[in-house]
Amino acid sequence: MKPKKYDICVIGSGAGAGPIIYELSKAGYQVLVLEKGPWYRTKDFAKDELVATRRSVYTPNLKDEPQVIETQNRKGIWKAKSTYETGRDFWNGNCIGGATNFMSGYFSRLKPTDFKLLSTYGPIEGANIADWPISYEDLEPYYTKVEQIIGVSGKVIPHKFLEPRSTPDFPYPPLQENIISSWIDQAASELNIQTIPLPRAILSQKKGNRNACYYSNYCGSYGCASDAKGSSRVALIHDALQTGNCTVIPNAKVFHLKTNGNYKLEEAWYYNTLGEKKVAKAKIFVVAAQAVETSRLLLMSKNKEFPNGLANNHGQVGKNLIFSGGGVGGGDFYYSKLDPDIANELSKPGVFVNRTIQDFYEVKNPENGQLMKGGTIDFLFEHANPVSKAIREKWDENNNLRIGKNLKKHLYKYFTDVRKLKFEIFVDWLPTDNCFVSLSKNVKDKWGDPVAKIRVGYHPHDLKVAEIIAEKTKPILVKMGAHNIYAGISGAAPNNLQAGGCRFGHHPKNSVLNPQCKAHDVENLYITDGSFMPTGGSVTYTWTIYANSFRVADILKDVLKH
Amino acid sequence: MANKFNRRNFLKAFGATWLIAQLPLWQSCKETNLFEGYLTSNQTKILQQTLLILFPSYKNSPTPSILKTPQHILNYLKDPYIDPDEKKFLINGTNWLNEIAQEIKKQNFWTLSINEQTELVYHIKKKNWGESWLSKILTLTFESLLLDPIYDVNIKEKGWKWLHHTPGIPRPDANNKYTSILKRKKENVIITRLDQL
């Protein structure tokens with residue numbers, strides 16, 4: 001039977017895909033969604049550590065679908081290893097709604113300067129920094145749209161780096177907080193550092209069929225059982241299905257995008273769960289498979305007009321991949337050293353810390369005294385996952401294995417007497433020639449297709465900025481009376497914070513997409529996950545990806561109208 | 001630990017070789033063996049005695065037998081989604097430990113006193129591969145200590161109670177526990193309406 005031709009075929013269903021699916025379905029267009037993972041329903045999301053983190057349930061089995069990670073050793077030599085060999089899993093949520101199901105929902109907008117990093121702070125040697133082809137003002141209405149449709153809770157507080165807003169405050173009030181949030185505020189204030197309530201893509205009040213957060217204590221890495229978390233699945237795709245214009249095929253792994261011989265896409269080829277090859281036809285194709293897999297799919301899609309991969313006639317696909325740079329720090333609070341009533345308050349599970357600092361979004365370069373781009377600090381408690389906590393306690397301070405009664409003693413103390421406060425540092429991961437996606441020549445997935453090979457080089461400047469911010473943050477923990485204060489800055493790429501690879505810009509020689517996120521060389525291919533970002537800002541990406549996808553949805557409605 | 005050395009090469013190196021070297025351990029045994037079909041009774045003894053050394057009785061803490069740690073390890077060995085090399089490594093570690101016992105103590109591991117067994121466990125903990133094997137067993141022990149009792153571990157929530165742990169709600173049920181939810185990965189469906197879900 002001849003396959004139906006849809007108005008639009010969307011590959012992926014996470015933050016970059018959801019707004020397109022939602023807006024185009026609502027506008028009356030026929031939308032087909034091809035998602036490589038299954039459809040987990042809200043009722044599937046129990047607080048089950050075995051499923052959420054101990055086994056490959058929300059991510060592929062690494063034997064079936066490895067990736068290859070290329071890192072530089074101390075001698076400067078790049079070494080490539082399969083994730084099946086190392087056990088280092090680089091996948092994120094593979095299911096309807098993608099990684100948005102499992103995010104913590106720390107939502108911050110980019111600042112106006114993040115759109116013009118190069119022209120604001122100048123070039124940095126070895127970094128391929130580029131200004132965005134759009135401005136903050138272009139994206140602002142869509143940030144606001146995300147607040148309303150996805151649902152963002154928080155409170156706007158004036159501060160030095162507050163980005164311009166078209167609305168006075170968030171549509172949902174802040175979530176409940178632990179007593180420790182007030183300690184952070186107090187300590188920071190004494191140090192003349194301003195703290196801000198951290199906005200979250202989590203509903204503090206009911207919204208339509210979605211219930212408010214009930215403070216389960218298991219948020220990040222877990223699917224939400226109340227639909228309070230603003231996943232693409234519940235906030236967008238559920239509504240899209242209600243229109244009758246949306247068709248979703250889970251477990252559909254797209255492996256090739258076929259052109260018509262004249263720079264126009266006409267088919268997406270995919271495997272269904274039975275391993276059968278299927279074809280989907282559409283007028284417009286949107287790829288939003290998360291940065292690494294989007295570049296991989298384009299590189300795999302060699303056509304007559306594109307012998308090096310779709311939209312890659314200028315060799316830009318996969319280049320300038322970015323992550324979020326930074327590190328983690330923290331300190332411990334011992335219940336036994338606190339007043340019992342205060343200890344009791346501190347130990348309350350579920351309620352959030354929700355504090356961020358953006359005072360360091362611009363910092364002084366100690367080498368020349370000039371201002372340079374800084375970053376953001378988010379505070380949070382150590383995750384409640386008990387098995388993961390126990391595993392961390394398995395190793396002593398010298399990285400030797402604890403066993404026997406000594407292990408049990410440490411476990412008991414750790415679980416019953418300590419609350420760990422952490423801070424995460426977010427700085428720009430500068431784009432460089434040593435961070436990119438290509439195809440592995442010798443490692444294949446279970447379908448026989450080449451897997452993504454990801455070189456994850458970082459720029460030393462990223463570490464320098466993160467170190468400065470860590471040093472500015474540690475005194476807050478000292479003032480709070482924390483013990484065992486530490487900060488670890490790292491050039492390790494966080495797999496859950498990936499962007500770039502198909503950056504947008506004005507010129508095909510140094511970008512894959514035009515400012516509308518359409519591939520320069522392909523008439524009807526749009527890319528709307530984080531791949532489009534030339535630089536990433538110093539916050540998590542999800543809000544920006546959602547906002548940009550809403551922006552492209554408006555563009556697509558215009559294109560389809562004409 | 002995975003970063004200390006190449007995990008896969010390690011598993012390969014200590015996979016089949018040890019299995020061949022220790023074939024006598026696979027001889028049949030008339031005793032009831034929980035791991036029948038997966039471990040010989042002697043391998044089972046080595047594993048169970050190692051568990052007691054790694055996670056011994058201490059104050060009011062639960063022990064591996066109370067937590068049903070051996071059953072959890074058996075479920076792990078039966079799980080078709082677990083990497084076969086990981087399972088092979090777990091099994092062959094018992095053979096390897098016994099070979100060390102034969103070399104150093106001139107006896108099988110399970111015939112030694114608890115002090116001698118403990119001495120050998122500390123001995124292998126100093127080696128990369130010994131530490132990795134013990135670490136793997138400990139991870140599975142922690143799972144039996146702290147996962148939801150729906151998995152027939154953490155019996156009567158004794159692990160949670162010992163560590164004053166509050167589980168998240170909703171807890172897993174028969175429809176969304178591990179073996180049930182994996183079926184979603186095989187669904188061959190086309191969804192066009194919300195009420196299909």
Side-chain angles (χ1 to χ4, degrees), chain A residues 37-41 43-51 54-57 61-63 81-82 84-88 95 214 216-218 222 225 238 241-242 244 246-251 272-274 349 384 386-387 389-391 394-395 399-401 403-405 407-409 411-412 415-416, chain B residues 1-4 6-9 53-56 58-59 61 79 81-84 118 121-122 125 131 134-135 138-139 142-143 145-148 150-151 159-160 162-173 175-178 181-182 184-194 196-197:
Chain A
W39 193 314
Y40 295 118
R41 287 71 161 166
K43 65 186 176 191
D44 291 333
F45 290 131
K47 304 304 176 187
D48 182 351
E49 194 176 3
L50 186 72
V51 166
R54 302 300 313 151
R55 303 287 185 268
S56 299
V57 175
N61 186 309
L62 292 181
K63 190 165 192 175
K81 286 179 186 167
S82 157
Y84 177 56
E85 300 285 333
T86 62
R88 182 188 177 188
C95 57
Y214 63 99
S216 73
N217 205 31
Y218 292 79
Y222 285 79
H238 279 189
L241 276 179
Q242 302 279 31
C246 181
T247 300
V248 182
I249 307 183
N251 296 317
N272 68 10
T273 190
L274 305 174
V387 177
K389 281 174 69 171
I391 287 170
K394 203 161 63 166
W395 305 101
N399 207 22
N400 293 318
L401 192 65
I403 63 173
K405 289 178 182 173
L407 169 69
K408 282 196 154 179
K409 232 186 284 181
L411 268 185
Y412 185 77
F415 273 78
T416 60
Chain B
M1 271 307 295
N3 293 335
K4 277 195 173 181
N6 185 316
R7 169 181 156 273
R8 181 66 34 196
N9 289 343
I53 294 162
L54 293 178
F55 213 67
Y58 173 69
K59 293 189 175 173
S61 67
D79 184 346
Y81 288 91
I82 299 292
D83 180 358
T118 304
V121 166
Y122 274 89
K125 192 168 87 70
E131 189 180 51
L134 296 171
S135 169
L138 268 182
T139 294
F142 293 156
E143 289 183 354
L145 177 76
L146 291 160
L147 287 177
D148 194 283
I150 197 168
Y151 295 111
W160 289 347
W162 175 50
L163 294 176
H164 304 189
H165 175 74
T166 309
I169 303 292
R171 285 172 49 185
D173 60 31
N175 295 317
N176 60 22
K177 68 177 187 175
Y178 176 59
I181 203 166
L182 281 171
R184 296 274 189 235
K185 291 194 178 196
K186 295 192 184 295
E187 284 180 339
N188 189 26
V189 290
I190 296 175
I191 310 283
T192 56
R193 296 186 326 273
L194 205 49
Q196 278 178 270
L197 297 171

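So you know, we letter chains A, B, ... as the sequences are listed, proteins then strands, and number each from 1.
- A/Arg55 CZ to B/Ile181 CD1: the interatomic distance, rounded to the nearest 0.5 Å, is 14.0 Å.
- For chain B, no part of A/Tyr222 is nearby; none of its heavy atoms comes within less than 4.5 Å.
- Interface remark: A/Leu411 contributes backbone and side-chain atoms alike to the contact with chain B (heavy atom separation under 4.5 Å).
- Neither the backbone nor the side chain of A/Lys389 comes within contact range of chain B, judged by heavy atoms closer than 4.5 Å.
- If you measure heavy-atom distances from B/Asp148 to chain A, you find no contacts under 4.5 Å at all.
- Looking at A/Leu407, only its side chain comes within 4.5 Å of chain B, counting heavy atoms on both sides.
- When all heavy atoms of A/Tyr214 and B/Pro170 are compared, the closest pair comes out as OH-CD, 3.2 Å.
- Side-chain contact between B/Asn175 and A/Lys43: absent, with no pair of heavy atoms (C-beta onward) separated by less than 4.5 Å.
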Please report the C-alpha distance between A/Arg54 and B/Thr139 in whole Å, then the side-chain angles of each, then the deciding distance to 0.1 Å, and finally whether the side chain to side chain contact (heavy atoms under 4.5 Å, CB included) criterion is met. CA-CA 10 Å; A/Arg54 302 300 313 151; B/Thr139 294; 3.1 Å; yes
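- Heavy-atom pairs under 4.5 Å with chain A peak, among B/Lys177, B/Gln196, B/Arg193, B/Glu143, at B/Glu143.
- Atoms NZ and CZ, on A/Lys394 and B/Phe142 in that order, are 6.5 Å from each other to the nearest 0.5 Å.
- One distance of note links CG of B/Asn188 with OG1 of A/Thr273; it measures 6.0 Å at 0.5 Å rounding.
- When A/Ala384, A/Gly244, A/Ala46 are compared by the number of non-hydrogen pairs under 4.5 Å with chain B, A/Ala46 comes out ahead.
- Atom CG of A/Leu50 and atom CD1 of B/Ile150 lie 11.0 Å apart (nearest 0.5 Å).
- Interatomic distance, OH of A/Tyr40 versus CG of B/Asn176, reported as 11.5 Å (0.5 Å rounding).
- Across A/Asn217, A/Leu274, A/Ile391, A/Leu62, the residue that shares the most heavy-atom pairs under 4.5 angstrom with chain B is A/Ile391.
- For A/Gln242, the part sitting under 4.5 Å from any heavy atom of chain B is the side chain, from C-beta outward, and nothing else.
- For a residue to count as touching a neighbouring chain, one of its non-hydrogen atoms must lie under 4.5 Å from one of that chain's; by this rule A/Tyr412 touches chain B with backbone and side chain alike.
- Most heavy-atom pairs under 4.5 Å with chain B: of the set A/Thr247, A/Thr416, A/Asn272, A/Asp44, this distinction falls to A/Asp44.
- Taking 4.5 Å as the limit, some side-chain heavy atom of A/Asp48 sits within range of a side-chain heavy atom of B/Tyr151.
- When B/Leu147, B/Val121, B/Asp173, B/Leu134 are compared by the number of non-hydrogen pairs under 4.5 Å with chain A, B/Leu147 comes out ahead.
- A/Lys408 places a side-chain heavy atom less than 4.5 Å from the side chain of B/Phe55.
- At a 4.5 Å heavy-atom cutoff, the contact between A/Asn251 and chain B is made by side-chain atoms alone.
- Interface residue B/Arg171: only backbone heavy atoms are found under 4.5 Å from chain A.
- With a 4.5 angstrom heavy-atom cutoff, B/Leu182 touches chain A only via side-chain atoms.
- Using a 4.5 Å heavy-atom cutoff, the side chains of A/Trp395 and B/Glu131 are in contact.
- The shortest distance between side-chain heavy atoms of B/Pro84 and A/Lys63 falls below 4.5 Å.
- Summarising the geometry, atom CD1 belonging to A/Ile249 is positioned 10.0 Å from atom CD1 belonging to B/Ile191; distances are rounded to the nearest 0.5 Å.
- Both the backbone and the side chain of A/Lys405 come within less than 4.5 Å of a heavy atom in chain B.
- At distances below 3.5 Å, at least one donor-acceptor pair connects side-chain atoms of B/Lys125 with backbone N or O atoms of A/Leu401.
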